[in-house]
S.K.: 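Sharing a structure, written as structure tokens. Questions coming.
For this chain, numbers begin at 1 and follow the sequence in order.
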Amino acid sequence: MLENFKYKKQSINALIVLVSVIVLVLILQIIAGNIISNKLEKTILIENEKYYEVKLNRARVNLFSMSVILKGLKVIPDSLLLADLGKPDMPSIAFDIDMRKLSLKGIGIFKLLRDKYVGLDSFIIDDTKVSIYMDGTSDKNKSSSKSGGINLDSLSLKGVSGGNINNFRLEDIVINVVDTKNWDTIFSAGYFEMLLHDITLTENKNDSSLKADWGNFKIKMTSERAILPGNTYNLSFDDLEFSTETRKITLTGLGIKPKYSLSKMVSFSKYNHEIYNVSVGDLEINSVDIYDIIRDSGIYLSSINIDKLKLDIYKDKRLPYDTSKRPKLPQQLLKSLKIDLNIDSIDISNSELIYSERHELSDKPMSVTLGSLNVKVKNVTSVLDSIIDGAMMTINLNAELQNHLYMGVDIYFPMNSVSDTFSFSGYLKGGDLELFSPVIKPVMAVSIESGTLDKLTFSASANPYWSIGKMDMQY
């Protein structure tokens, strides 16, 4: 009986101690949360008090799981900052951040205190809206004394000897970039997601910086739209994904559309120029080494696959040609690149090209259509060693001219040609000659009432200075 009483007493005492510890930890969590909230707001306000107001709804600390959760973190730019953006002694970029939730999980608190080593199991930013305001003016005349670049291989973190983050995640992020000059939204991502795994920071022996190994990461974006440089075209796509594990970029629903009406797009130049309207069903880019690209080590791709491309090109030939511009041939453009580019193959399938011209003789544009278009391009390179070794870029095209006449074209670009000479040959199968009326009538005021084409073949060689060739047409 006495032993049972002692056992019960010990159990009650142990329970009281356990409850006391739990209550103490909960109290410490509340105190720690308030300290973190006040400290964070105060620290950020001291660093940015001239330009921003920082608000934090609350911080929650869990000492059992060693995690910190921040909720309702807002960084709000002052209205005067936005009004004076880009002026002398003022920033050229401002941020407005509404972060609903930031979670730091699995904090290695003992390593941080003992070794100044930052260890995190998870760093998660969730449900956040970011607005980036830019002054919209060129930075060519601005002082370059302060570097705006970021060295992704070397970071400087005071009081830290190293670190690792097992999982870094951005989820449900909305991004808007606004040009404050015209208050245009030049970039908008309706949903942005990024996952990084196994990030490590190791101390460089030569200085106090940390070498970053970014491990594996994955990026996902949906419902994105942007205004391209020049402010005349809108870019949009439905979904974009990239992973360093697959080394593949996949993109669906790509569109590059004129921002203005066709007549206004024409009016932007006193010369005739191409106006594009592009849509792509699916785009796949393979063997992407993002780290080589970041370090300017070159772009080396195994393949680019494009499916369901629709390309509309319009020119108003009533305007004069700009004789000061001489468009470069493809091999000239490649050899003029300042970086190494190598693409083994480009495949375009199930596509359509429509080329239209407006002439004085007709209110209706001349129009040429290449339906059921399939193109294979091989050996696209600017690598000097490949060019010296005699690389040959080739283009093989087959399509249905005016959606009826089957045609094929082969083009050869010897990359080591001193004069940039290239050659091409092709054929057109038989069909109704009336199909050519929409092509020649707006240009020559001549139409074909009836006729049959048996076949057409052609071949030629050319460079920027001369061309020679032959064509055989049987009808």
S.K.: Rounded to the nearest 0.5 Å, how far does CG of Leu251 lie from CD1 of Ile285?
M.R.: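 Here the rounded value is 7.5 Å.
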
S.K.: Check Ser367 against Val439 and note the closest heavy-atom contact, atom names and distance.
M.R.: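 Looking at all heavy atoms of both residues, the closest pair is O-CG2, 3.6 Å.
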
S.K.: Rounded to the nearest 0.5 Å, what separation is found between the CD1 atom of Ile306 and the CD1 atom of Ile348?
M.R.: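 If I round to the nearest 0.5 Å, the distance is 4.5 Å.
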
S.K.: Keeping to residues at least two apart or across chains, list the salt bridge (Lys or Arg N to Asp or Glu O under 4.0 Å) pairs with something in residues 272-290.
M.R.: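 Qualifying pairs, neighbours excluded: Lys248-Glu284, Glu274-Lys315.
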
S.K.: Kindly compute the distance separating NZ (Lys101) from CG (Asn57), expressed to the nearest 0.5 Å.
M.R.: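 If I round to the nearest 0.5 Å, the distance is 13.5 Å.
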
S.K.: Got a donor-acceptor contact below 3.5 angstrom from the Ser303 side chain to the Ser345 backbone?
M.R.: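 Flag not set: sc Ser303 to bb Ser345 has no pair under 3.5 Å.
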
S.K.: Atom CD1 in Ile290, atom CD1 in Ile219: separation rounded to 0.5 Å?
M.R.: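 That separation rounds to 7.0 Å.
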
S.K.: Quick test of your reading: applying side-chain hydrogen bond (donor to acceptor under 3.5 Å, both in side chains), list the pairs with at least one residue in residues 349-358, sequence neighbours left out, ordered by first then second residue.
M.R.: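 Pairs touching residues 349-358 that pass the test: Asp307-Ser349, Asp307-Asn350, Lys317-Glu357, Tyr355-Glu357, Glu357-His359, Arg358-Asp363.
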
S.K.: Which heavy atom of Ile388 sits nearest a heavy atom of Asn416, and at what distance?
M.R.: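 Looks like O-ND2, 4.5 Å.
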
S.K.: Considering non-hydrogen atoms only, spot the tightest contact between Ser279 and Lys257 and give its length.
M.R.: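 Of all heavy-atom pairs spanning Ser279 and Lys257, the closest is CB-NZ, 3.9 Å.
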
S.K.: Taking Leu334 as the fixed residue, which of Val383, Asn342, Val380 is the one that meets the side-chain contact (heavy atoms from CB on, under 4.5 Å) rule?
M.R.: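 That would be Val380.
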
S.K.: Is the shortest side-chain heavy-atom distance between Phe413 and Ile395 below 4.5 Å?
M.R.: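 Side chain of Phe413 against side chain of Ile395, heavy atoms only: contact under 4.5 Å found.
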
S.K.: Please check this pair: side chain of Ser67 against backbone of Ser103, looking for a donor-acceptor N/O pair closer than 3.5 Å.
M.R.: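 Answer holds: no.
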
S.K.: Within a strict 4.5 Å, meaning less than it, do heavy atoms of the Val409 and Phe458 side chains meet?
M.R.: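 Answer yes - side chains close enough.
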
S.K.: Salt-bridge test for Asp316 and Arg318: reply yes if a basic N is under 4.0 Å from a carboxylate O, no otherwise.
M.R.: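 Result for this pair is yes, salt bridge flagged.
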
S.K.: Quick one: does Asn374's side chain have a donor or acceptor within less than 3.5 Å of a partner on Ser372's backbone?
M.R.: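 Yes; judged by distance alone, with no hydrogens or angles, the pair exists.
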
S.K.: Does the side chain of Leu370 reach to within under 4.5 Å of the side chain of Leu401, using non-hydrogen atoms?
M.R.: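 Yes, close enough: below the 4.5 Å cut-off.
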
S.K.: Decide whether Ser324 and Asp322 meet the rule of one side-chain donor and one side-chain acceptor closer than 3.5 Å.
M.R.: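 The answer is yes; a qualifying pair exists.
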
S.K.: Which residues pass the side-chain contact (heavy atoms from CB on, under 4.5 Å) test with Ala462, sequence neighbours left out?
M.R.: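 Phe422, Ser467.
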
S.K.: Between Tyr465 (side chain) and Ser419 (backbone), is there a donor-acceptor pair under 3.5 Å?
M.R.: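 Here the side-chain-to-backbone pair does not exist.
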
S.K.: Enumerate the residue pairs fulfilling salt bridge (Lys or Arg N to Asp or Glu O under 4.0 Å) with a member in residues 367-379, sequence neighbours excluded, ordered by first and then second residue.
M.R.: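 Every salt bridge (Lys or Arg N to Asp or Glu O under 4.0 Å) pair that includes a residue of residues 367-379, provided the two are not neighbours, is Asp347-Lys376.
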
S.K.: Within the 4.5 Å heavy-atom criterion, are Asn305 and Asn286 side-chain neighbours or not?
M.R.: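 Yes; the side chains approach each other to less than 4.5 Å.
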
S.K.: Are any side-chain N or O atoms of Glu224 and backbone N or O atoms of Ser236, one a donor and one an acceptor, separated by less than 3.5 Å?
M.R.: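 Not a single qualifying donor-acceptor pair exists.
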
S.K.: Using a 6.0 Å cut-off, check whether atom NZ of Lys129 has over 12 heavy atoms from anything other than its own residue.
M.R.: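 No - once you tally the heavy atoms of other residues, nucleotides and ligands closer than 6.0 Å, there are 12 at most.
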
S.K.: Taking salt bridge (Lys or Arg N to Asp or Glu O under 4.0 Å) as the cut-off, I'd like each qualifying pair that reaches into residues 234-247, sequence neighbours left out, listed once.
M.R.: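 Sorted pair list comes back empty.
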
S.K.: How about Asn277 and Tyr314: do any of their side-chain heavy atoms sit closer than 4.5 Å?
M.R.: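 A side-chain contact under 4.5 Å is absent here.
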
S.K.: Between the main-chain N or O of Met134 and the side-chain N or O of Thr180, is there a donor-acceptor pair closer than 3.5 Å?
M.R.: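 Yes; at least one donor-acceptor contact below 3.5 Å.
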
S.K.: So that I can tick it off, tell me whether Arg100 and Asp172 are bridged by a salt bridge, with the cut-off set at under 4.0 angstrom between side-chain N and carboxylate O.
M.R.: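 Arg100 and Asp172: not salt-bridged.
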
S.K.: Of all the heavy-atom pairs spanning Met366 and Val368, show the shortest one and how long it is.
M.R.: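 Heavy-atom minimum between the residues: SD-CG2, 3.7 Å.
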
S.K.: For Lys364, look at atom NZ and say whether over 12 heavy atoms of other residues, nucleotides or ligands are found less than 6.0 Å away.
M.R.: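 Not buried by this count: 12 neighbours or fewer within 6.0 Å.
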
S.K.: Does Ser386 use its side chain to pair, donor to acceptor, with the backbone of Leu384 at less than 3.5 Å?
M.R.: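 No: the side chain of Ser386 does not pair with the backbone of Leu384.
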
S.K.: Should the pair Tyr260 and Phe268 be assigned to parallel (<30°), tilted (30 to 60°) or perpendicular (>60°) ring geometry?
M.R.: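 Taking Phe268 first and then Tyr260, their aromatic rings stand perpendicular (interplane angle over 60°).
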
S.K.: Could you tell me whether the side chain of Tyr133 reaches within less than 4.5 Å of the side chain of Asn176, counting heavy atoms only?
M.R.: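 No. Closest side-chain heavy atoms not under 4.5 Å.
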
S.K.: Show which side-chain atoms of residues 442-456 pair as donor or acceptor with protein atoms under 3.5 Å away, not counting sequence neighbours.
M.R.:
{"from": "Ser447", "atom 1": "OG", "to": "Glu449", "atom 2": "OE2", "distance (Å)": "3.4"}

S.K.: Indicate whether the side chain of Asn463 and that of Asp420 have a donor and an acceptor atom separated by less than 3.5 Å.
M.R.: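 Asn463 vs Asp420: no donor-acceptor pair found between side chains.
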
S.K.: Taking side chain as C-beta onward, heavy atoms only, is Lys74 less than 4.5 Å from Val54?
M.R.: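 Sidechains of Val54 and Lys74: no contact.
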
S.K.: Could you tell me whether the side chain of Asn272 and the main chain of Leu319 form a donor-acceptor pair under 3.5 Å?
M.R.: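 It does hold such a pair.
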
S.K.: What are the two closest non-hydrogen atoms of Ser382 and Ile339, and how far apart are they?
M.R.: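 Looking at all heavy atoms of both residues, the shortest contact is OG-O, 2.9 Å.
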
S.K.: For residues Phe242 and Ile249, determine if any side-chain heavy atom of one lies less than 4.5 Å from a side-chain heavy atom of the other.
M.R.: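 The answer is yes; the side chains approach within 4.5 Å.
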
